[in-house]
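As structure tokens, the structure follows; a few thoughts come after it.
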Amino acid sequence: MIRMGPQTGRFARDGADLTAAERDAVQDAEAVALAADWADIVSGLRKDLGHQLFTQWIRPIELGPLCKATGTLDLYLPTEFSANWVQDRLQDRLALAWKIARAEVRTVRIAVHPGRRKPVDLDLRTGEDGLGHRAANDGPRPADTGAEPLSAPVGLDPTLTFAAFVTGTANILARNAAERMAAAEQPQFSPLYLKAATGQGKTHLLHAIGHAFTQTHPRGRIFYCSAERFMVDFVQALKSGEMIAFKGRLRGFDLLLVDDLQFIIGKASAQEELLYTIDALLAEGKRLVFAADRAPQALDGVEPRLLSRLSMGLVADIQPADIELRRQILHSKLARFAPLSVPEDVIEFLARTISRNVRELVGGLHKLIAYAQLTGQEVSLLLAEDQLTDILSANRKRITIDEIQRTVCSFYRIDRSEMASKRRARAVVRPRQVAMYLAKVLTPRSYPEIGRKFGGRDHSTVIHAVRLIEDLRQRDSEMDGDVRSLLRQLED
């Protein structure tokens, strides 16, 4: 830093010292600017990656120096495992974010911190995370005699509760089993194994179990981690000769929550320790919940004894959300944005079109609302189609305009040639307009392209048809019923 005079408080200006001081000041200013850019990038990554990935892999990153000559920026992580993981999966995203934030950054280099290491997430040897927080409900400290839990469980997202979880036929078994696992009375089954594809709600239920267990067991001790985190802590304890402390601490928890179990691959010794931990906790009546994207028997590289323990309790599937559940989820999320108005046809469009997983569905809604709020536009079907192109194209079933025309003609009992004819009888015009509307909703085709498939009509004719049917669906229950029936036929 620039030195201050001991008496006057003014900057020292004594030849060579001035140059060094100015150099230090420039370096400090550059460091502050880098830190500000990193804070902006971190904020965006927190939203994009979600709480779990952010906490486990982004939060431990320490900002290193930027070499102006090569345009290389160093980002440091505390362990080789975490550095390799981030480099393999997130380096491209980090590099792009930095290039957008700062033009002189050409390369982002991920490495282990050269000078020191720091704890990340929850360290089973010390019970602290990277910020020095104690493990969830980790027994009373000397001055703590109250009956309330000491803190919210480390690593659990406070927004992921049972109250925020929308239940439907696709997830009711998993939801009820999760609530039973957190109840005051001892559950009839343990472990609970939640199986679901990416983005269907298994992580949400893990967090919800942790929060509910805290309420029903104020002094209960909870440990939440991913399978990879478990393996990292195991290896660190093994290398440092602290395996006894590792085992003792892990087996002292009342509720063990392990996410992404499909990554428990590789070291047989880590799997064996997890097996012994499961046996020890079950013998003491403790509760265990695991989540993975496949059934226990389908886990790769996991030894048979561990697989048998994982499947000995209850394996609860979470099926992909059906159309009704997707509608309910969207309406529940909209409550956060009141009094913002989102037309029902937009909700229906999102629910029908974004069907791969719930995370994409909610992300699409949030992106649409954020864009509308930031630009001052009203949320509409046209805006949704324009702003959610990537998400929609990845989710859309391959439905052709020809298929739509055939289905509509069969439904209204008219000849297929009427789709391209010039006749203006109401019995022909309305089905044609419905077909144009469905073509826009269910295909990625532009208005001019759709017009060409309907006898070479102008794009303005298609726009008029789409807006007319949107309006009629709001006012005419019979028309809305016709469109819903056609949508079911085309999407089934």
Side-chain angles (χ1 to χ4, degrees), residues 170 197 199 319-327 329-330 343-361 363-365 367-368 380-421 428-459 461-473 478-492:
Q319 299 297 327
D322 57 25
I323 180 66
E324 186 56 39
L325 180 56
R326 295 198 295 271
R327 290 193 195 104
I329 290 170
L330 289 172
E344 192 62 33
D345 66 321
V346 175
I347 296 297
E348 183 69 17
F349 172 72
L350 295 177
R352 287 194 173 277
T353 310
I354 307 178
S355 58
R356 288 201 306 185
N357 65 65
V358 172
R359 190 174 296 137
E360 280 189 349
L361 178 68
L365 177 67
K367 180 179 179 180
L368 179 61
S380 67
L381 185 57
L382 293 177
L383 185 65
E385 293 169 341
D386 183 54
Q387 294 303 314
L388 303 180
T389 304
D390 293 341
I391 299 176
L392 298 176
S393 61
N395 280 270
R396 273 190 172 114
K397 177 186 173 183
R398 296 282 185 171
I399 299 175
T400 66
I401 295 179
D402 288 339
E403 184 181 356
I404 291 170
Q405 290 178 346
R406 285 194 301 270
T407 304
V408 171
C409 289
S410 175
F411 183 85
Y412 286 107
R413 301 179 186 277
I414 63 175
D415 191 85
R416 172 73 184 280
S417 62
E418 299 292 4
M419 290 289 106
S421 75
V428 173
V429 171
R430 189 66 80 230
R432 189 188 298 140
Q433 291 171 332
V434 169
M436 291 179 183
Y437 169 82
L438 292 173
K440 188 56 184 171
V441 169
L442 298 177
T443 77
R445 302 303 180 188
S446 65
Y447 289 114
E449 288 175 316
I450 294 172
R452 285 193 290 271
K453 296 291 288 186
F454 285 83
R457 284 176 164 81
D458 187 76
H459 73 280
T461 302
V462 182
I463 293 174
H464 170 74
V466 171
R467 291 177 176 172
L468 177 64
I469 299 303
E470 287 176 352
D471 182 60
L472 286 176
R473 290 191 67 187
E478 184 176 352
M479 173 56 69
D480 185 57
D482 287 353
V483 173
R484 286 175 181 270
S485 178
L486 286 163
L487 285 168
R488 283 193 296 270
Q489 291 183 45
L490 289 163
E491 294 181 333
D492 288 345

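Quick caveat, the model's predicted, so the values are computed rather than measured.
- Heavy-atom minimum distance, R457 versus T461: CD-CG2, 4.1 Å.
- Here Q489 contributes atom CD and L486 contributes atom CG; the two are 5.5 Å apart, rounded to the nearest 0.5 Å.
- For R352, the salt bridge (Lys or Arg N to Asp or Glu O under 4.0 Å) partners at least two apart in sequence or on another chain are E348, E491.
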Under the side chain to side chain contact (heavy atoms under 4.5 Å, CB included) criterion, do I450 and K440 qualify, and how do the steps go?
CA-CA 8 Å; I450 294 172; K440 188 56 184 171; 3.9 Å; yes

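- Remark: R430 engages R426, Q433, L468, I469, L472, M479 in a side-chain contact (heavy atoms from CB on, under 4.5 Å) (not counting sequence neighbours).
- Taking E418 as the reference, I414, D415, S421, R423, V428 meet the side-chain contact (heavy atoms from CB on, under 4.5 Å) condition, with sequence neighbours excluded.
- The two residues N357 and G199 have their closest heavy-atom pair at CB-O, 3.6 Å.
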Report the C-alpha distance between V483 and L487 in whole Å, list the side-chain angles of each, state the deciding distance to 0.1 Å, and finish with yes or no for side chain to side chain contact (heavy atoms under 4.5 Å, CB included).
CA-CA 6 Å; V483 173; L487 285 168; 3.9 Å; yes

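- Taking the side-chain contact (heavy atoms from CB on, under 4.5 Å) definition, one finds that A170 meets it with Q319, L325, sequence neighbours left out.
- Exactly one of T443, V466, I399, L490 qualifies for a side chain to side chain contact (heavy atoms under 4.5 Å, CB included) with L438. That residue is L490.
- The shortest non-hydrogen separation linking M419 to F454 is O-CD2, 3.4 Å.
- I463 pairs by the side-chain contact (heavy atoms from CB on, under 4.5 Å) definition with Y447, H459, R467, not counting sequence neighbours.
- Residues forming a salt bridge (Lys or Arg N to Asp or Glu O under 4.0 Å) with E324 (at least two apart in sequence, or on another chain): R327.
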Show every donor-acceptor pair shorter than 3.5 Å between a side-chain atom in residues 404-411 and any protein atom, with sequence neighbours excluded, or say none if there are none.
| unit_1 | atom_1 | unit_2 | atom_2 | d |
| --- | --- | --- | --- | --- |
| Q405 | OE1 | R416 | NE | 3.2 |
| Q405 | OE1 | R416 | NH2 | 3.1 |
| Q405 | NE2 | K453 | O | 3.0 |
| T407 | OG1 | E403 | O | 2.9 |

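- The salt bridge (Lys or Arg N to Asp or Glu O under 4.0 Å) search around D482 returns none, not counting sequence neighbours.
- One distance of note links CE of M436 with CD1 of I401; it measures 10.0 Å at 0.5 Å rounding.
- No donor-acceptor distance shorter than 3.5 angstrom exists from the side chain of K367 to the backbone of L388, with no hydrogens or angles considered.
- Put simply, CG on L368 and CD on E385 are 11.0 Å apart, with the number rounded to the nearest 0.5 Å.
- Under a 3.5 Å cut-off, the side chain of E449 and the backbone N or O of S446 do form a donor-acceptor pair.
- A pairwise comparison of heavy atoms in V441 and F349 identifies O-CE1, 3.4 Å as the closest pair.
- Residue L330 holds its CG atom at 5.0 Å from CD1 of I347, rounded to the nearest 0.5 Å.
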